[in-house]
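Read the structure below first, then the notes.
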Amino acid sequence: MKWPFFHPSRGAEMHIEIRSEAFEPYHEVQVYQEKIQATGQYGATAVFVGTMRDFNEGDDVKGMALEHYPGMTENYLKMVCEEASGRWSIIDSLIIHRVGKLWPNDPIVLVAVWSAHRKDAFEVSRYLMEELKSKAPFWKKEFLADGDRWVQHNTPGY
Amino acid sequence: MKWPFFHPSRGAEMHIEIRSEAFEPYHEVQVYQEKIQATGQYGATAVFVGTMRDFNEGDDVKGMALEHYPGMTENYLKMVCEEASGRWSIIDSLIIHRVGKLWPNDPIVLVAVWSAHRKDAFEVSRYLMEELKSKAPFWKKEFLADGDRWVQHNTPGY
Amino acid sequence: MVIQIRFFASLRERLQLSDCSLPFEASMTVEQVWSKVTNNESLPANLLCAVNMEYVSLQQVVKAGDEVAFFPPVTGG
Amino acid sequence: MVIQIRFFASLRERLQLSDCSLPFEASMTVEQVWSKVTNNESLPANLLCAVNMEYVSLQQVVKAGDEVAFFPPVTGG
């Protein structure tokens with residue numbers, strides 16, 4: 001499930017990808033960064049990694065199934081990245097999100113943003129994460145010792 | 001130049017290091033994370049990397065010399081990490097900062113923060129960077145085509 | 001001429017229905033699509049809906065060939 | 001009994017002095033240390049100073065054995 005590169009009008013690059021297999025986020029950032037053409041132009045990179053915890057709402061969580069709406073997810077994340085590249089000055093951004101079965105300590109999501117100055121990278125990485133958590137069509141089902149449950153809602157991040 | 005681990009009273013781990021050789025920040029984060037005992041407890045990691053640009057204030061920059069005040073730098077960064085671990089709920093944090101001669105695209109600084117929830121990781125990584133840029137005793141001298149110049153001040157990040 | 005309907009996550013499990021189609025009727029809103037396809041089940045609190053993969057309100061009027069999706073609050077990231 | 005004085009970055013280069021020492025005198029402030037060691041040079045705008053590796057004001061009184069440091073605005077990160 002690869003998503004092509006987008007080239008929004010403001011000149012910021014972006015790459016959005018939904019993965020059904022485990023990934024190593026820092027390796028992905030390193031490999032992606034080596035392909036960025038704008039060497040010497042970015043002074044700031046802000047990276048966020050969401051990792052599966054082994055507890056939630058007071059319960060031990062054994063594993064998780066992550067469902068998404070193929071197509072709408074990518075469209076939504078693309079739209080948010082384009083909006084961000086209009087509001088802030090950024091050079092490149094990368095989003096990778098897992099779907100399928102996950103186990104504690106597995107990376108769930110990676111957001112990385114490259115910009116000339118730190119303010120933009122910090123603000124955009126957080127903005128992309130908040131938009132992703134509040135509106136991108138993903139759903140988590142947790143495996144507990146006594147059965148499965150759907151996560152009801154994400155908590156606000158501000 | 002290695003700095004030992006600190007164990008502040010609130011239970012957050014931290015590691016602060018001044019490096020005189022080039023480092024690969026994402027490799028450092030990965031290696032450091034593998035040693036974190038609190039596996040399954042952190043759901044959020046926020047990483048910031050500052051990279052040397054090849055331009056500043058309209059001029060091409062060929063290279064840079066980074067000077068610091070050994071001892072005071074580490075004391076100051078330790079104090080800021082301890083303060084942050086009192087104000088926010090964090091699990092671990094890592095700061096690596098280069099000194100010596102740097103060339104465009106070289107990583108200058110790495111800040112990584114692990115927490116249960118994303119709000120803390122986002123806010124602490126930015127807080128540590130702002131404190132580092134505004135008060136930690138480091139100084140940059142840029143090598144331009146027509147000579148060297150000391151950077152006069154850092155720009156605010158908020 | 002039909003419209004396609006999709007359900008996700010807990011809604012898909014509860015209705016035991018992942019996707020289906022309805023004959024297109026003029027001036028039909030998303031809310032009316034919900035009522036037809038669920039046999040007049042009441043609207044869940046916090047129900048989200050999309051037409052052709054974009055968020056819409058329940059009052060949105062559907063066109064022939066549209067893909068209408070219903071799902072609970074999202075919980076990714 | 002002495003106090004140690006250190007200069008960093010552009011200040012170190014301009015004064016052509018990285019470190020030196022002064023005989024300790026009672027009730028001497030950081031500002032007085034600056035004046036003695038620089039031969040009454042006027043205080044640079046934005047001068048920062050530390051005693052024993054902690055930021056202090058120019059009015060801080062130094063003790064025997066203290067390390068006093070003077071430096072310009074910091075530019076790390």
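Residue numbers begin at 1 in each chain, while the letters A, B, ... track the order of the sequences.
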Would you check if A:Tyr26 and B:Glu28 make a side-chain contact, meaning some heavy-atom pair closer than 4.5 Å?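 Sidechains of B:Glu28 and A:Tyr26: no contact.
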Counting C-beta onward and ignoring hydrogens, is there a side-chain heavy-atom pair between B:Gln30 and A:His27 closer than 4.5 Å?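 B:Gln30 vs A:His27: side chains apart.
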Give, as side chain, backbone, both or neither, the part of A:His117 having an atom under 4.5 angstrom from any heavy atom of chain B. side chain
Top contributor to chain A contacts, counting heavy-atom pairs under 4.5 Å, from [options]:
{"options": "B:Ser125, B:Ala121, B:Gly43, B:Ala112", "value": "B:Gly43"}
{"options": "B:Gln33, B:Lys119, B:Met52", "value": "B:Lys119"}
{"options": "B:Ile108, B:Asp106, B:Val111, B:Thr155", "value": "B:Thr155"}

Heavy-atom count around A:Gln37 CD within 6.0 Å, excluding the residue itself: above 12?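 Count not over threshold, so no.
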Is it the backbone or the side chain of B:Pro156 that comes under 4.5 Å from a heavy atom of chain A, or both, or neither?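 Looking at B:Pro156, just its backbone touches chain A.
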Where is the tightest heavy-atom contact between B:Asp54 and A:Thr39, given as atom of each residue plus distance?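 Result for this residue pair: OD2-O, 3.9 Å.
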Working to the nearest 0.5 angstrom, can you tell me the gap between A:Arg126 CZ and B:Glu123 CD? 4.5 Å
Using 0.5 Å steps for rounding, measure from the CZ atom of B:Phe55 to the CD atom of A:Gln41. 6.0 Å
If you count heavy-atom pairs under 4.5 Å with chain B, which of [options] comes out on top?
{"options": "A:Pro104, A:Pro25, A:Ala46", "result": "A:Ala46"}
{"options": "A:Trp114, A:Phe122, A:Tyr42, A:Trp103", "result": "A:Phe122"}
{"options": "A:Arg53, A:Lys133, A:Met129", "result": "A:Arg53"}

